[in-house]
Amino acid sequence: MYIAEQVKAWRHHIHKHPEFGFEEHETSKFVAEKLEEFGLEVHRNVGKTGVVGILKCGNSPRSIGLRADMDALKIEELNDFEHASTHKGLMHACGHDGHTAMLLGAAHELARTKDFDGTVYFIFQPGEEHGVGAKAMIEDGLFVRWNIDAVYAMHNLPGVPEGHFVTNPGPIMAAESAFEIEILATGGHAALPHMGTDPIVVGAQIVLGLQNITSRNLSSIHEPAVISVTEFNTNGTTNVIPSSVTLKGDTRCFTDDALHKIEAAMERVAAGICASAGVECRYKFHNGFLSTINTPEETAVAVKVAKALVGEDKVDGAAPPFTISEDFSFMQRQAPSCYILIGNGAEGEKGGTALHKPYYDFNDNILLTGVHYWQNLVKEQLKQ
């Protein structure tokens with residue numbers, strides 16, 4: 001089949017030439033030129049290096065947005081196949097090459113068949129990996145310049161059999177936030193701790209105190225969350241009590257309400273413990289990704305389309321959420337949406353290598369499934 005060969009070739013080309021977030025100049029050019037070849041209206045440089053292709057058919061005012069991410073990761077690829085990365089220190093270790101190729105394939109097929117009534121917006125997003133690309137496109141007017149009734153995204157998932165689909169009508173991925181707590185004390189001689197204030201002890205108390213937030217401030221059933229202190233840095237040495245300690249870490253949760261509770265509770269715990277010890281506290285909290293929350297109606301459509309394509313036994317429409325994060329979540333705050341995952345391959349099989357690993361590769365066997373999923377979703381949502 002012509003399109004199957006083309007999508008595979010496009011995927012391999014993009015994989016060989018990975019580009020980091022907001023540096024996807026050649027990838028964006030490649031995408032834009034393909035869309036123009038298909039006859040779409042094309043808008044370049046949306047959110048810096050993003051591309052939006054527009055395909056209209058019929059007279060209906062209805063519309064749908066389909067989003068794929070384009071950026072690569074700063075990882076040295078260890079694969080030795082023909083389409084391995086030619087850019088040292090960069091590789092498509094998350095499958096964005098496959099996502100882009102599948103959406104290009106859908107654009108080609110929908111432009112060829114024109115079997116829908118309405119407008120399709122093909123959204124090729126930069127800078128997903130660090131949570132900045134979706135916001136950049138939104139700030140550049142993605143949902144103001146164009147009337148997008150609902151927006152959908154798809155991501156591959158190693159560990160799930162190839163071509164299976166996974167999603168749910170609610171939180172499917174977690175919010176991710178980074179925090180920093182700096183404790184400023186007087187320090188002193190290790191033999192004379194009573195002559196100063198010790199930020200080590202205070203820091204240890206804060207580490208333990210933060211763990212009480214998830215168990216005592218949030219519902220273990222309705223608001224599952226994780227708070228992890230991943231760094232404990234001091235300016236002390238063997239016989240010197242430090243004058244400062246910096247704690248850094250990461251939090252994950254599944255609702256905006258839980259996110260706000262965690263941010264406020266962490267500040268309260270850190271400030272309270274520091275105040276009781278007579279030391280200064282400086283607190284920073286940065287939300288990088290919101291929780292990815294699907295809307296029920298759009299999820300029902302996505303599940304229906306997936307089941308019709310691959311069979312009911314290969315679709316889990318009520319999957320438990322994942323603690324990984326996705327910046328499509330920012331687009332979800334702008335329009336009804338569904339984020340669905342397609343299996344890249346079971347563990348130990350082709351496509352089973354985990355994301356963000358130097359031996360990862362997108363599974364070419366699922367490319368056509370992804371193309372047909374996007375086609376059928378458009379035809380379902382924009383029926384003639």
Q | More than 12 heavy atoms of other groups within 6.0 Å of Asp313 CG | A | yes
Q.
The criterion is side chain to side chain contact (heavy atoms under 4.5 Å, CB included); which residues satisfy it with Ala9, sequence neighbours excluded?
A. none
Q | Between Thr246 and Glu182: side-chain donor-acceptor atoms closer than 3.5 Å | A | no
Q: Provide the closest heavy-atom pair for Leu103 versus Leu66 in the form atom of the first, atom of the second, distance.
A: CD2-O, 3.4 Å
**Q.** Evaluation steps, side chain to side chain contact (heavy atoms under 4.5 Å, CB included), between Val7 and Ile3
**A.** CA-CA 6 Å; Val7 173; Ile3 191 60; 3.9 Å; yes
Q) In terms of side-chain heavy atoms, does Thr295 have a donor or acceptor partner in Glu298 at a distance below 3.5 Å? A) yes
Q) Using a distance-only test with no angle check, is there a side-chain donor-acceptor pair under 3.5 angstrom linking His99 and Asn156? A) yes
Q: Verify the distance criterion only: is there a donor paired with an acceptor across the side chains of Gln332 and Asn294 at less than 3.5 Å?
A: yes
**Q.** Any pair counted as side-chain hydrogen bond (donor to acceptor under 3.5 Å, both in side chains), so long as it reaches residues 220-235, sequence neighbours left out
**A.** Glu223-Lys261, Glu231-Asn233, Asn235-Ser243
Q: Run the salt-bridge test on Lys350 and Asp364 with the 4.0 Å N-O cut-off and return the result as yes or no.
A: no
Q.
Looking at every heavy atom in both Pro242 and Gly236, which two are closest together, and how far apart are they?
A. CB-N, 3.4 Å
Q.
Would you call the rings of His83 and Phe81 parallel, tilted or perpendicular, taking 30° and 60° as the class edges?
A. parallel
**Q.** Lys304 atom NZ: more than 12 heavy-atom contacts under 6.0 Å
**A.** no
Q: Applying side chain to side chain contact (heavy atoms under 4.5 Å, CB included), name anything that partners Ala265, two or more places apart in sequence or on another chain.
A: Ile213, Asn217, Arg268
Q.
Distance to the ring centre below 6.0 angstrom and angle to the axis at most 45 degrees; does that hold for Lys383 and Phe116?
A. no
Q: Over all heavy atoms of both residues, which pair between Pro18 and Ala72 is shortest? Give the atoms and the distance, please.
A: CB-CB, 3.5 Å
Q) Is the closest basic N to carboxylate O distance between Asp149 and Arg62 below 4.0 Å? A) no
Q: State which residues pass side chain to side chain contact (heavy atoms under 4.5 Å, CB included) with Leu259; sequence neighbours excluded, sorted by chain then number.
A: Ser177, Cys253, Phe285, Asn287, Leu290
Q: Using only heavy-atom distances, determine whether the side chains of Asn147 and Tyr121 contain a donor-acceptor pair under 3.5 Å.
A: no
Q. Strictly by modelled atom types, are Asn363 and Glu162 linked by a side-chain donor-acceptor pair under 3.5 Å?
A. yes
Q) Between Tyr339 and Tyr152, is the gap from one ring center to the other below 6.0 Å? A) no
Q | Glu37 atom CD, over 12 foreign heavy atoms within 6.0 Å | A | yes
Q. Taking all atoms of both residues into account, what is the closest heavy-atom pair of Gly351 and Pro158, and its distance?
A. O-CB, 3.5 Å
Q.
Tell me whether Lys16 is salt-bridged to Glu82, with the criterion being a basic N under 4.0 Å from an acidic carboxylate O.
A. yes
Q: For atom NE2 of His356, decide whether the heavy atoms of other residues, nucleotides or ligands shown that lie under 6.0 angstrom number more than 12.
A: yes
Q | Worked verdict on Phe30 versus His13 for ring-ring contact (aromatic ring centres under 6.0 Å, His included) | A | CA-CA 10 Å; Phe30 179 83; His13 171 80; 4.6 Å; yes
Q. Under a 4.5 Å cut-off applied to non-hydrogen side-chain atoms, are Glu176 and Ser291 in contact?
A. no
Q. What about the rings of His15 and His12, do their centers lie closer together than 6.0 Å?
A. no
Q) Is there a donor in the side chain of Thr27 and an acceptor in the side chain of Glu19, or the other way round, less than 3.5 Å apart? A) yes
Q | Lys/Arg N to Asp/Glu carboxylate O, Asp256 vs Arg333, below 4.0 Å | A | yes
Q) Are Thr113 and Asp115 linked by a side-chain donor-acceptor pair shorter than 3.5 Å? A) yes
Q. Does the side chain of Phe143 come within less than 4.5 Å of Met331's, by heavy atoms?
A. yes
**Q.** side chain to side chain contact (heavy atoms under 4.5 Å, CB included) partners of Asn376, counting only residues at least two apart
**A.** Val305, Leu309, Lys379
Q. Closest approach of Gln211 and Thr214, non-hydrogen atoms and distance?
A. O-OG1, 3.2 Å
**Q.** Over 12 non-hydrogen atoms of neighbours within 6.0 angstrom of CD in Glu180
**A.** yes
(Q) Under a 4.0 Å threshold between the charged nitrogen and the carboxylate oxygen, would Arg44 count as salt-bridged to Glu33? (A) no
(Q) Filter on ring pair (Phe, Tyr, Trp, His ring centres under 6.0 Å), then keep only pairs touching residues 34-65, sequence neighbours left out; what's left? (A) Trp10-Phe38, Phe38-His108, His43-Trp146
(Q) I'd like to know if Asp327 pairs up with Arg67 as an ion pair, taking the criterion as any Lys NZ or Arg NE/NH1/NH2 lying under 4.0 Å from an Asp or Glu carboxylate oxygen. (A) yes
**Q.** N-O pairing of Glu5 and Lys8 below 4.0 Å
**A.** no
Q. Hey, are the side chains of Leu35 and Val51 touching, using non-hydrogen atoms and a 4.5 Å cut-off?
A. yes
Q) Which atom names give the shortest non-hydrogen contact between Met137 and Val46, and what distance separates them? A) CG-O, 3.6 Å
Q) Just wondering, do Val52 and Phe122 contact through their side chains at under 4.5 Å, heavy atoms? A) no
Q) With distance as the sole criterion, is a donor-acceptor pair present between the side chains of Asn239 and His189 under 3.5 Å? A) no
